[in-house]
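Notes follow the structure.
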Amino acid sequence: MRLYINIDHVATVREARKTDEPDPVRAAVLAELGGADGITVHLREDRRHIQDRDVALLLKTARTPLNLETCSAPSMVDLAVAWLPAQVTLVPEKREEVTTEGGLDLSTEERRHEVAGAVRRLRDAGIRTSLFIDPDEGAIRASMDSGAEVVELHTGEYANARGPERREQFARLNRAASLARKLSLDVHAGHGLTYENVTPVAAVPEIEELNIGHSVISRAVFVGLERAVGEMATTLRRARRER
Ligand code: PXP
């Protein structure tokens, strides 16, 4: 189980003042010292938090692999192909959204064609490519057809659900993870995961990587980033051990 820490929120604080602190590049160093296995950043088309400069510097300085989240627009894929991060996760993007709201829409031929074109370009450049999708059979099969090596299952609905609905959402994640694995896709997961809700997800054997941002950065405000990441890493290890 690998823990990738999403450091977008550090850039969000910086951009609130359009200044040079806090620096996500420094945050990555602390996340790594705390036990992160990788660093995730989402370069949005509107550049509302992470900037091109951050990605370029992280690629030079991070000791762990960089997972670049971006949409499948050709101009963003151009950047990824020029930068060559270890991994790209393609995500949907709407300008008005507060955060990524759902998985990639692969329901129409046109959307599947666009995503498959982006996957092809990234794979040809030697970049491991993941698709952020809802944990549903149709999306998993469409991901496989696109040529992606990895799917990241959207855990937002699981995280938002309570009581029996939470159990149903967890069962949905489990089914999706085992189908994806059966189809030889590597399985990641993320969105809305917290210290409180992550344990069952971390115990799903097919899931080998989690992307976590908001909860860890929120905790870091009080205890520091290195410790917040360390606590999450410990939670994941315990979940794996005790499953
Ligand atoms: N995975 C993807 C694809 C995301 O877009 C995000 C949020 O940027 C995350 C994981 C992390 O979500 P959270 O910040 O809720 O932990």
Side-chain angles (χ1 to χ4, degrees), residues 1-13 22-42 49-50 54-55 57-69 85-89 91 99-100 128 130 132 135 150-156 158-160 166 169-170 173-174 176-177 180-181 186-243:
M1 167 61 66
R2 299 183 294 272
L3 171 61
Y4 274 51
I5 297 292
N6 181 315
I7 55 174
D8 293 351
H9 280 6
V10 177
T12 300
V13 175
D23 190 339
V25 178
R26 290 185 174 206
V29 174
L30 294 174
E32 289 172 343
L33 287 173
D37 300 298
I39 301 297
T40 295
V41 290
H42 182 178
H49 40 57
I50 292 294
D54 302 329
V55 181
L57 278 176
L58 284 165
L59 283 165
K60 289 203 181 111
T61 57
R63 295 280 180 104
T64 57
L66 187 74
N67 172 35
L68 176 65
E69 290 179 5
Q87 180 169 291
V88 165
T89 301
V91 300
T99 180
T100 316
R128 179 173 161 84
S130 173
F132 184 56
V150 188
V151 287
E152 179 178 339
L153 302 176
H154 192 317
T155 49
Y158 158 81
N160 290 335
R166 161 83 55 94
Q169 289 295 340
F170 181 63
L173 274 175
N174 249 315
R181 204 54 224 123
D186 289 344
V187 187
H188 302 170
H191 212 282
L193 295 175
T194 67
Y195 296 88
E196 286 72 38
N197 68 24
V198 76
T199 296
V201 178
V204 174
E206 293 88 353
I207 297 178
E208 55 185 33
E209 190 173 303
L210 293 180
N211 269 295
I212 308 183
H214 184 85
S215 187
V216 170
I217 303 298
S218 302
R219 181 143 179 80
V221 171
F222 299 114
V223 305
L225 187 54
E226 201 175 328
R227 182 166 148 196
V229 172
E231 288 174 0
M232 186 58 86
T234 302
T235 307
L236 301 195
R237 271 199 299 275
R238 195 176 303 130
R240 286 307 243 211
R241 216 174 33 240
E242 293 173 1
R243 74 169 175 231

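If you read the sequence from its start, that first residue is 1, and numbering goes on from there.
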Is the backbone of S130 close enough, under 3.5 Å, to the side chain of N67 for a donor and an acceptor to pair up by distance?
-> no
Applying side chain to side chain donor-acceptor pair (under 3.5 Å), name anything that partners N160, two or more places apart in sequence or on another chain.
-> none
Pairwise side-chain contact, N211 with F132, heavy-atom cut-off 4.5 Å (strictly under) = no
To the nearest 0.5 Å, what is the distance between OG1 (T199) and CZ (R238)?
-> 7.5 Å
Donor-acceptor under 3.5 Å (T194 side chain, N197 main chain) | yes
Would you list the pairs meeting salt bridge (Lys or Arg N to Asp or Glu O under 4.0 Å) in which at least one residue belongs to residues 215-225, sequence neighbours left out?
-> R219-E231
Could you check T61 against V29 for side chain to side chain contact (heavy atoms under 4.5 Å, CB included), going step by step and ending with a plain yes or no?
-> CA-CA 8 Å; T61 57; V29 174; 5.9 Å; no
Residue set satisfying salt bridge (charged side-chain N to carboxylate O under 4.0 Å, His left out) with D186, at least two apart, ordered chain then number -> R128, R181
Considering all heavy atoms of both residues, which atom of H42 and which atom of I50 are nearest to each other, and what is their separation?
-> O-CB, 3.5 Å
Shortest non-hydrogen pair, A239 vs A203, comes out as O-CB, 3.8 Å
Test side chain to side chain donor-acceptor pair (under 3.5 Å) applied to E226 - qualifying residues, sequence neighbours left out = none
What pairs with A177 under side chain to side chain contact (heavy atoms under 4.5 Å, CB included), at least two apart in sequence or on another chain?
-> L153, V187, V204, E206, I207
Residue pairs meeting ring-ring contact (aromatic ring centres under 6.0 Å, His included), one or both in residues 202-238, sequence neighbours left out, come to H9-H214
Closest approach of I7 and P24, non-hydrogen atoms and distance?
-> CD1-O, 3.2 Å
Validation row: H188, Q87 side chains within 4.5 angstrom (heavy atoms) | yes
Apply side chain to side chain contact (heavy atoms under 4.5 Å, CB included) to the pair D23 and V10, showing each step before the final yes or no.
-> CA-CA 7 Å; D23 190 339; V10 177; over 6 Å; no
Tell me, please, which residues at least two apart from P205 pass side chain to side chain contact (heavy atoms under 4.5 Å, CB included).
-> R243
Return the set of residues passing salt bridge (charged side-chain N to carboxylate O under 4.0 Å, His left out) with E32 (not counting sequence neighbours), or none when no residue passes.
-> none
So which heavy atom on A31 is nearest to which on I39, and how close?
-> CB-CD1, 3.9 Å
Pairs flagged by salt bridge (Lys or Arg N to Asp or Glu O under 4.0 Å) wherever residues 191-200 is involved - sequence neighbours left out = none
Residue set satisfying side chain to side chain contact (heavy atoms under 4.5 Å, CB included) with D37, at least two apart, ordered chain then number -> R2, L3, Y4
Contacts of N6 that satisfy side chain to side chain contact (heavy atoms under 4.5 Å, CB included) - sequence neighbours left out | D8, T40, E69
Can you check side chain to side chain contact (heavy atoms under 4.5 Å, CB included) on I217 and V13, steps first, answer last?
-> CA-CA 11 Å; I217 303 298; V13 175; over 6 Å; no
Output for pair (Q169 CD, H154 NE2), nearest 0.5 Å, gives 10.5 Å
Closest heavy-atom contact between T89 and E152?
-> CG2-OE1, 3.6 Å
How far apart are the C-alpha atoms of V201 and L210, what are their side-chain angles, what is the distance that settles it, and do they pass the side chain to side chain contact (heavy atoms under 4.5 Å, CB included) test?
-> CA-CA 9 Å; V201 178; L210 293 180; 4.0 Å; yes
What residues, two or more places apart in sequence or in another chain, satisfy side chain to side chain donor-acceptor pair (under 3.5 Å) together with H49?
-> none
Kindly say whether A202 contributes a backbone atom to a donor-acceptor pair with the side chain of R240 at under 3.5 angstrom?
-> yes
Nearest atoms (heavy-atom pairs only) where L193 meets G190 | CD1-CA, 4.0 Å
